[in-house]
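The structure under discussion appears below in the form of structure tokens.
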Number of protein chains: 2
Amino acid sequence: MTAPSIRARVRAEMIDEIKAVARRHLAADGANLSLRAVARDLGMVSSAIYRYFPSRDELLTALIIDAYQALGTVVEAADAEVSPDDLRGRWHAVFRAARRWALDNPAEYALIYGSPVPGYAAPQDTIGPAQRPPVVLVGILRDGLTRGRLAAPPADELPEPVRTDLTAIGTAFVPGLPEALLARGMAGWTQLFGLISFEIFGRLNNGVHHQDAYFDHQTRLMADLVGLP
Amino acid sequence: MTAPSIRARVRAEMIDEIKAVARRHLAADGANLSLRAVARDLGMVSSAIYRYFPSRDELLTALIIDAYQALGTVVEAADAEVSPDDLRGRWHAVFRAARRWALDNPAEYALIYGSPVPGYAAPQDTIGPAQRPPVVLVGILRDGLTRGRLAAPPADELPEPVRTDLTAIGTAFVPGLPEALLARGMAGWTQLFGLISFEIFGRLNNGVHHQDAYFDHQTRLMADLVGLP
DNA sequence: TACGAAACGAGAGCACCGCTCTCGCCATGA
DNA sequence: TCATGGCGAGAGCGGTGCTCTCGTTTCGTA
């Protein structure tokens with residue numbers, strides 16, 4: 001393997017630097033990222049940025065993918081750190097890790113889970129990384145089932161069209177998971193997203209002051225719903 | 001009472017017209033609303049808009065309040081149309097009405113439940129209208145309790161700090177509702193928000209095709225969690 | 001009924017934005 | 001060695017939110 005040329009390495013560093021500055025601006029000013037401001041911070045002229053990213057949207061896409069990967073990594077690591085048999089421990093660890101990451105990176109959370117930018121269509125590269133957190137969650141349920149620590153809900157609780165949809169999703173992501181359990185896992189994922197969004201977007205500010213405890217309690221409720229022992 | 005002057009009436013109509021055009025633009029182009037484009041549509045010059053709204057943010061705030069009120073009205077009406085004793089019927093009606101409104105008005109849903117605009121702080125006028133849907137949901141639980149059709153979960157399932165927070169929220173919005181039940185109601189509200197957001201923001205597009213049935217099933221799951229008979 | 005004040009719309013202008021194009025400079029690979 | 005291509009600077013285009021000024025029109029009041 002040949003060492004990357006100096007130019008290629010400098011280019012890669014430049015790309016990383018642009019993304020880093022852009023992330024800083026995102027955290028400070030929110031989603032309306034200004035290419036010109038990023039360029040100014042780097043001592044460049046705005047048109048120079050276009051040597052590295054063909055458009056502002058492409059820069060945002062790069063940041064989005066990075067954010068998905070960062071969250072996915074954090075969540076998977078949290079899950080892996082708990083004994084596989086401790087289903088509730090894993091559930092709580094995943095919930096807490098996702099929330100922690102969101103609180104530490106609110107702008108990036110808003111970037112990937114806020115309202116999508118109007119003309120902006122999520123590129124194909126984002127859908128894979130975006131699935132990592134929910135896959136981890138339903139993975140806990142699958143492990144619980146295979147280890148006999150979790151009972152599958154009756155399959156007939158699912159209406160037919162939902163079952164067929166979930167069959168396809170299940171075979172793609174968590175083969176062997178009964179559809180009714182997958183539905184519960186997705187409910188947990190939906191709840192996790194809702195809890196974090198409410199907190200990050202300040203919708204709990206009037207009333208809920210002990211947000212850690214509140215989050216843990218709601219996590220517990222959902223663990224009950226999905227049937228974790 | 002004196003009739004409003006012609007000028008006042010024309011002004012009110014002008015405000016409504018601006019908001020209507022702005023809503024159209026919002027639906028077409030997403031959240032980055034252009035004052036100049038709205039003015040053009042009205043055959044005005046952009047500075048004329050400032051006679052009616054002191055800034056673009058104030059226009060957005062007006063649209064946000066209208067959206068909250070519209071959603072609140074729809075949800076309350078849906079709840080009122082079901083027999084008060086039919087707790088599950090009311091639960092489903094509220095969930096369905098909220099989703100229906102969001103699907104019919106996706107841009108306005110994104111406006112009020114998407115990521116908040118960066119420099120934008122929700123004005124005090126919005127917090128009241130924003131509470132209407134969750135208040136309806138927990139109202140169902142309170143009715144179930146007072147009619148003896150719903151059992152309150154044990155109070156000691158709540159950690160102390162959560163209980164005190166919820167006590168304050170409860171006395172403000174739904175006096176007499178046990179805190180543990182309020183927590184479940186808020187879980188339902190969080191889930192409703194998550195379900196709608198996932199659907200509106202296209203996060204279910206890969207896999208879930210029968211969205212009506214999926215939504216109904218998840219609604220049912222949450223009804224089970226809160227303990228509706 | 002007449003008049004001063006206030007509301008109104010148009011227009012010019014400011015600073016900013018994303019993006020394109022052109023122009024020199026220089027490292028790179030053949 | 002030399003042509004190629006990557007690179008940064010700069011000018012410029014059409015767009016944005018917002019401000020200020022200037023006539024005109026309408027209103028409440030004297």
Original post:
Within this structure, what is the CG-to-P distance between Asn32(B) and dT16(D), rounded to whole angstrom?
Top reply: 10 Å
If you restrict it to nitrogen or oxygen atoms, what contacts under 3.5 Å exist between nucleotides 20-26 of chain C and the protein, and what is each distance?
none

Original post:
For Arg9(A) and dC7(D), what is the distance between atoms CZ and P respectively, to the nearest whole Å?
Top reply: 14 Å
Original post:
side chain to side chain contact (heavy atoms under 4.5 Å, CB included) with Val94(A): which of Val82(A), Val74(A), Asp79(A)?
Top reply: Asp79(A)
Original post:
With ring centroids as reference points, do Phe201(A) and Tyr113(B) lie under 6.0 angstrom apart?
Top reply: no
**OP:** Rounded to the nearest 0.5 Å, what's the gap from CD on Gln191(B) to CD on Gln218(A)? Could you check?
**Re:** 10.5 Å
**OP:** Check if the side chain of Arg36(B) and the base of dG15(D) share a donor-acceptor pair of N or O atoms closer than 3.5 Å.
**Re:** no
Subject >> Validation row: Arg23(A), Leu63(A) side chains within 4.5 angstrom (heavy atoms) >> reply: yes
**OP:** Quickly work out the Glu17(B) CD to dG9(C) P distance and round it to whole Å.
**Re:** 11 Å
Original post:
Heavy atoms under 4.0 Å, any strand shown: does Leu42(A) hit a base, just sugar-phosphate, or nothing?
Top reply: nothing
Original post:
Ring centres of Phe193(A) and Trp189(A) under 6.0 Å apart?
Top reply: no
Original post:
OP1 or OP2 of dT16(D) sitting under 4.0 Å from any side-chain N/O of Arg40(B)?
Top reply: yes
Original post:
Tell me: CG of Asp29(A) to P of dC17(C), nearest whole Å?
Top reply: 10 Å
**OP:** Output the distance between atom CE (Met222(A)) and atom CG (Leu195(A)), rounded to the nearest 0.5 Å.
**Re:** 8.5 Å
Subject >> Tyr52(A) OH to dG18(C) P, straight-line distance once rounded to whole Å >> reply: 18 Å
Original post:
Touch check for Phe53(B), heavy atoms < 4.0 angstrom, all strands: base, sugar-phosphate only, or nothing?
Top reply: nothing
**OP:** Starting from P on dA9(D), measure out to CE on Met44(A) and report it in whole angstrom.
**Re:** 6 Å
Subject >> Result of checking Asp216(B), Asp212(B), Asp104(B) against Arg99(B) for salt bridge (charged side-chain N to carboxylate O under 4.0 Å, His left out) >> reply: Asp212(B)
Subject >> Between dC17(C) (P) and Asp57(A) (CG): distance, integer Å >> reply: 16 Å
Original post:
Are any of Arg11(B)'s side-chain N or O atoms less than 4.0 Å away from OP1 or OP2 of dC8(C)?
Top reply: yes
Original post:
What is the nucleic acid contact for Leu33(A), judged by heavy atoms within less than 4.0 Å: base, sugar-phosphate only, or nothing?
Top reply: sugar-phosphate
Subject >> Atom pair distance, as rounded to whole Å: CG in Leu35(B) and C1' in dC16(C) >> reply: 15 Å
